[in-house]
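Working notes, structure below.
Just so we're clear, the structure is a prediction, and the values are computed from it rather than from any experiment. Values below: every heavy atom of this structure, side chains too, minus hydrogens, waters and symmetry copies. Order of the sequence lines fixes the chain letters, A, B, ..., with proteins taken first and strands second; residue numbering starts at 1 for each chain.
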Number of protein chains: 2
Amino acid sequence: MRMLTRPELKMQLQNAGIRPSVQRLAIYEYVKNSCEHPTAEAVYEALRDELGSLSLTTVYNTLKLYVDAGLVMMLHIDDNFQRFDGDTSVHAHFRCSLCGSIHDLSVKGDYHTWLCGVENLAVTDAQLYLKGVCSKCSQQ
Amino acid sequence: MRMLTRPELKMQLQNAGIRPSVQRLAIYEYVKNSCEHPTAEAVYEALRDELGSLSLTTVYNTLKLYVDAGLVMMLHIDDNFQRFDGDTSVHAHFRCSLCGSIHDLSVKGDYHTWLCGVENLAVTDAQLYLKGVCSKCSQQ
DNA sequence: TTCATTTTTGTAACCACTGCAAATATATAA
DNA sequence: TTATATATTTGCAGTGGTTACAAAAATGAA
């Protein structure tokens, strides 16, 4: 996924009915253009200098705002942290037990084709989480 | 899955090299024969009367022991709680956003057939989580 | 019985996350 | 511009699930 420009990101927020304040735009840009599935704390640490003042609460609130609006996904692949993914398309996640890194995986079809008996269920979210040792760690 | 008897459960623990104390066997029996994917707190509440004295710490430690031994799965489908599943076979989980209940779903094949590029990854665990509204809640 | 090891227990602490109210910034109206 | 209402941000305190730790109890070996 190519990097999104500020005007593009701003437009996305406005289309979702969210006013693009300085903090909101910075947080949105960081999550959308990051591929490391950051925690709220990581977003906070990455932006606090750039923004001068930033509250961790703002980061949490803003990310929740985006999740509720469907702009960002919240991941629970990590036992101890919420993680956030700006890529809302259908894909799976792999977490390395050794280095803790999280990688995207492409999927074939979607969850409908993997499951039996989902006809009566109104599914709003599907997450496929894998754990193990990544290729980099297994070489060492 | 039929209910497992005490002798069967006891044998499973011994085969895993785990000494079946009174607390361990009771916790193991409860998780293995439950289909509600209980939290540690739920296991504790269900067994404290039967066992006379029981510590919540013992429940947490014992469940972790079983998870590390591969006898029980830990689920992270719920945002706020660890949940435990005595059924370690490949299956997916559906969580109802309204009533909070968690249901098992059968899957076709396994994760290898759903994904691209898992050849270089040593996968030790795969979890497919779905969220939405269950059939019971959508009728009301 | 005696001693070492294992298991259980209760309390205190941890820490990611949230609630809340004050402070600040922004939009609207006059 | 000024005044007022609304929206957003901020910092701190609190919450609650989970874990660390050390003492107590149970178990096994000699």
Can you tell me how far [atom2] of [N] sits from [atom1] of [X], to the nearest Å?
X	N	atom1	atom2	answer
A:Met74	C:dA16	CE	C1'	12 Å
A:Arg83	C:dA16	CZ	P	12 Å
A:Leu25	C:dA25	CG	P	18 Å
B:Gln23	C:dG10	CD	C1'	14 Å
A:His76	C:dA16	NE2	P	14 Å

Quiz prompt | Nearest-nucleotide comparison on DNA chain D, the residue closer to the 5′ end among B:Gln82 and B:Val22 | solution = B:Gln82
Any sub-3.5 Å donor-acceptor pair from [X]'s side-chain atoms to [Y]'s backbone N or O?
X	Y	value
B:Ser97	B:Gly132	yes
A:Ser138	A:Cys134	yes
A:Asn33	A:Leu4	yes
A:Thr62	A:Val59	no
B:His91	B:Ser89	yes

Quiz item: Using the ring of each side chain (for Trp, its six-membered ring), is B:Trp114 parallel, tilted or perpendicular to A:Trp114, with breaks at 30° and 60°?
Solution: parallel
Quiz item: Taking the six-membered ring for Trp, are A:Tyr129 and B:Tyr129 parallel (under 30°), tilted (30 to 60°) or perpendicular (over 60°)?
Solution: perpendicular
Quiz item: Going 5' to 3' along DNA chain D, which nucleotides are the first and last within contact of chain B (any atom under 4.0 Å from a heavy atom)?
Solution: D:dG17 to D:dG28
Practice problem: Using five base pairs at each end, measure the axis-to-axis angle across the helix from C:dT1-D:dA30 to C:dA30-D:dT1 and round it to 10 degrees. | Solution: 20°
Quiz prompt | A:Leu54 side chain reached by A:Gln23 side chain, heavy atoms, under 4.5 Å | solution = yes
Exercise. Give a yes/no on whether any side-chain N or O of A:Ser21 is located under 4.0 angstrom from OP1 or OP2 of C:dT26.
Key: no
Exercise. Using a cut-off of strictly less than 4.0 Å, decide whether A:Arg19 has a side-chain nitrogen or oxygen near OP1 or OP2 of C:dT26.
Key: no
Self-check item: Carboxylate-amine/guanidinium contact A:Glu8 A:Arg2, below 4.0 Å
Solution: yes
Quiz item: With a cut-off of 6.0 Å (strictly less than), are more than 12 heavy atoms of other residues, nucleotides or ligands near NZ of A:Lys131?
Solution: yes
Exercise. Could you check which residues of residues 36-67 of chain A get a heavy atom under 4.0 Å from DNA chain C? Sort them by number, please.
Key: A:Thr57, A:Tyr60
Self-check item: Spatial distance of atom CD (A:Glu29) from atom OG1 (A:Thr5) [nearest 0.5 Å]
Solution: 9.0 Å
